[in-house]
**Student:** 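Quick one: the structure is below, and I'll ask about it shortly.
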Amino acid sequence: MLFLQMYLAEYFESLAFADDFGEGVYMGQVIEVEMDKRGFMKLLFNRPEKRNAVNYQLMDELESILSEAASDDEVKLLVLTGAGSEAFCSGGDLREFQDLHTEEEAFFMLSKMGEILYKLAVFPKPTIALINGSAFGGGCEIATACDFRLAKREARLGFVQGTLGITTGWGGASLLLEKIPEQKALKLLLDAKIHKAEEAKELGFVDEVVGEGTDGWEWFAEDFLRHETGVLMAYKRLLVHKWQDSGLKGRMDAEIRECSKLWASDEHHAAVERFLNKKK
Ligand SMILES: CC[C@H](C(=O)O)C(=O)SCCNC(=O)CCNC(=O)[C@H](O)C(C)(C)COP(=O)(O)OP(=O)(O)OC[C@H]1O[C@@H](n2cnc3c(N)ncnc32)[C@H](O)[C@@H]1OP(=O)(O)O
């Protein structure tokens with residue numbers, strides 16, 4: 001734990017150990033990290049004013065935290081969630097990425113986050129996406145990369161990339177095809193519709209619809225947390241080895257290349273323009 005504290009302090013530079021949050025809370029620029037004494041680390045995407053959209057800063061912080069948490073024995077479980085009550089994560093930051101025009105420019109950003117999404121998927125301990133609000137586009141891809149998805153009743157979820165003239169750009173479709181029945185996965189991707197939490201549970205994408213409050217989910221993981229970290233890691237290794245044997249990473253890379261091609265289309269750029277210029 002001390003090493004993690006020292007690392008985060010060094011990495012985030014202006015890290016402030018926030019007393020009013022109590023022991024074990026660290027403020028990054030766009031991700032707040034809370035270490036709970038029961039053994040779970042909560043990562044809070046902290047851009048509520050942009051519905052917790054993923055920008056380059058969030059990518060870099062997420063990658064660093066995953067690296068540190070993987071080797072910290074006190075971390076038994078990761079929980080990813082969003083700041084505020086509106087959104088879990090609204091996907092890639094359309095404003096930050098609007099200047100990516102060509103296939104290669106898009107591929108740089110998409111493959112950067114694709115590597116991080118794979119790192120999250122194969123994280124050596126159990127991971128939970130606590131979907132506290134809208135999970136759209138890449139937000140659904142991040143949730144898919146987690147082992148379990150718990151959604152608040154009012155959450156809305158949608159692989160909406162198709163409405164922007166692109167496909168999933170970070171490898172989330174390849175992961176989805178691993179996690180729920182192929183027919184259900186294909187329907188979620190092709191119709192690009194927005195689903196209520198209960199509908200997403202019926203489709204098998206959400207494991208549980210959970211109650212209000214920060215502890216509305218902890219019952220789901222309390223039995224995991226009773227076991228030694230080594231036990232949790234051993235079971236997760238079985239899943240990761242299955243993916244390694246089946247070439248999951250290669251399929252994610254191919255998916256990212258597909259999206260990069262579509263990203264360069266006029267349809268995509270027009271769709272982004274419409275979103276960014278929509279009247280309030
Ligand atoms: C990069 C590719 C990636 C991938 O799949 O690989 C993707 O994720 S593509 C992006 C897919 N995501 C979307 O299309 C979602 C876009 N956002 C929305 O549909 C809505 O914002 C929603 C439903 C998430 C929330 O709606 P709500 O009415 O609650 O809020 P506003 O729309 O008024 O937004 C508030 C504020 O946040 C900004 N915002 C929201 N989402 C994004 C985003 N993805 N990128 C950048 N900015 C976003 C929005 O522009 C507003 O900002 P303001 O400055 O106040 O106008």
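Throughout, residue positions are numbered sequentially from 1 according to the sequence presented. First listed ligand is number 1; within each ligand, the first listed atom is number 1. Remember, predicted model here, so these are calculated numbers, not experimental data.
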**Student:** What I want to know is whether L94 and ligand 1 share at least one N or O pair that is separated by under 3.5 angstrom.
**Tutor:** yes
**Student:** Polar-atom distance check: L110 versus ligand 1, any N or O pair below 3.5 Å?
**Tutor:** no
**Student:** Taking G169's backbone N and O only, do any of them form a donor-acceptor pair with E255's side chain (distance below 3.5 Å, no angle check)?
**Tutor:** no
**Student:** Can you name the residues that form a ring-ring contact (aromatic ring centres under 6.0 Å, His included) with H268, not counting sequence neighbours?
**Tutor:** W263
**Student:** Among residues at least two apart in sequence or on other chains, which ones pass ring-ring contact (aromatic ring centres under 6.0 Å, His included) with F45?
**Tutor:** F88
**Student:** Do G92 and ligand 1 have an N or O pair less than 3.5 Å apart?
**Tutor:** yes
**Student:** Would you call K249 and E115 a salt bridge, taking side-chain N to carboxylate O under 4.0 Å as the test?
**Tutor:** yes
**Student:** May I ask you to say whether R95 pairs ionically with D93, meaning some side-chain N is under 4.0 Å from a carboxylate O?
**Tutor:** no
**Student:** Looking only at distances, please establish whether an N/O atom of ligand 1 is found under 3.5 Å from an N/O atom of Q161.
**Tutor:** yes
**Student:** What part of T163, side chain, backbone, both or neither, has a heavy atom within less than 4.0 angstrom of ligand 1?
**Tutor:** neither
**Student:** Which atoms from ligand 1 have a heavy atom of L164 less than 4.0 Å away?
**Tutor:** 9 (S), 10 (C), 11 (C), 14 (O)
**Student:** Going by the order shown, which atoms of ligand 1 are within less than 4.0 Å of some heavy atom of K278?
**Tutor:** 31 (P), 32 (O)
**Student:** Does ligand 1 have any atom sitting under 4.0 Å from a heavy atom of W263?
**Tutor:** yes
**Student:** Taking the six-membered ring of F205 as reference, does the NZ or CZ atom of R149 fall below 6.0 Å from its centre and within a 45° cone about the axis?
**Tutor:** yes
**Student:** For E49 and ligand 1, answer yes if some heavy atom of the residue is under 4.0 Å from a ligand atom, otherwise no.
**Tutor:** yes
**Student:** Show the numbers, then the answer: is there a side-chain hydrogen bond (donor to acceptor under 3.5 Å, both in side chains) between S67 and K119?
**Tutor:** CA-CA 9 Å; S67 295; K119 194 168 187 173; 2.6 Å; yes
**Student:** Look at E103 together with R257 and state whether they make a salt bridge at an N to O cut-off of under 4.0 Å.
**Tutor:** yes
**Student:** Please say whether K50 places an N or O atom under 3.5 Å from an N or O atom belonging to ligand 1.
**Tutor:** yes
**Student:** Could you list which atoms of ligand 1 come closer than 4.0 Å to a heavy atom of M109?
**Tutor:** 1 (C)
**Student:** With a cutoff of 4.0 Å, is R156 in contact with ligand 1, counting heavy atoms of the residue only?
**Tutor:** no
**Student:** For G169, take its heavy atoms, then give the atoms of ligand 1 lying under 4.0 Å from any of them.
**Tutor:** 4 (C), 5 (O), 6 (O)
